[in-house]
Structures are given as structure tokens and as C-alpha cells.
Amino acid sequence: MPCLFLILILAFPRVAIALLFLFSHYLDRAFQSILILILGFLFLPFTTLVYAWMINSGLPVQGINLLWLLIAALVDLGAMGGGYSRRRT
């Protein structure tokens, strides 16, 4: 059961992006290029969602909002780099 829960948590941002792309124009307003959206889906899904939320809410990408975006990027990069520490030991 814990493994299933982990898979659900790791897949959530990608599932959310796919559902938003298919059933709304939320991501279309934030990203003009489909290439950037696909790259965000593959490499930085949580950051893609945070950026789309900021743009659709009318929040500027500066100050505390930039901090939220950087935290999202660190979460995404931390999820990618987590395997390195296990492989090394």
C-alpha cells in the first residue's frame, strides 16, 4: 500500500497537467508554446503547475511569488536527484 501511495504522489502533477490540458484552457493562457508545456510535463511538472497558477491568478513573477516558483523547482529537481544518493551508497 505505501508503494501505491508513493506512485500516486509522484504521478499527481503529471496527471493534473494532462487533465488541465485536455479539459480546460488553463495551461493555454500560461504557455503560448506547446513545446514548453511538453518539456515542463517531462522535467518540471510541479513548477509548470505553479507557474500556470501564478499567470492565471494575475500574480507577478517577482518577490514572494518568485520564491514559490523556486521552491517548486527545487522540489522537482529533488525528486529527480533522489536516486543518486541511493545509488552512491
* Asked: With sequence neighbours left out, what residues match Leu70 under side chain to side chain contact (heavy atoms under 4.5 Å, CB included)?
  -> Leu66
* Shared ILVMFWY cluster between Val50 and Ile38, side chains joined below 4.5 angstrom? -> yes
* Enumerate the residue pairs fulfilling side chain to side chain donor-acceptor pair (under 3.5 Å) with a member in residues 58-81, sequence neighbours excluded, ordered by first and then second residue. => Thr47-Asp76
* Asked: Hey, does Trp53 have a side-chain heavy atom less than 4.5 Å from the side chain of Leu59?
  -> yes
* By side chain to side chain contact (heavy atoms under 4.5 Å, CB included), which residues pair with Ala11, not counting sequence neighbours? -> Val15
* Path from Ile36 to Ile55 over hydrophobic side-chain contacts below 4.5 Å -> yes
* Asked: Residues in side chain to side chain contact (heavy atoms under 4.5 Å, CB included) with Leu67, at least two apart?
  -> Ile64, Ile71
* Could you point out which residue of Leu37, Leu20, Leu42 forms a side chain to side chain contact (heavy atoms under 4.5 Å, CB included) with Thr48? => Leu37
* Asked: Between Tyr51 and Val61, is any pair of side-chain heavy atoms under 4.5 Å apart?
  -> yes
* Structure fact -> Taken in chain and number order and not counting sequence neighbours, the residues that satisfy side chain to side chain donor-acceptor pair (under 3.5 Å) with Ser33 are none
* Are Leu44 and Leu39 grouped together when hydrophobic residues (ILVMFWY) are joined by side-chain heavy atoms under 4.5 angstrom apart? -> yes
* Check: Arg14 side chain, Phe41 main-chain N or O, donor-acceptor pair, under 3.5 Å -> yes
* Apply side chain to side chain contact (heavy atoms under 4.5 Å, CB included) to Ala52 and list each qualifying residue two or more places apart in sequence or on a separate chain. => Tyr26, Leu27, Ala30, Phe31, Asn56
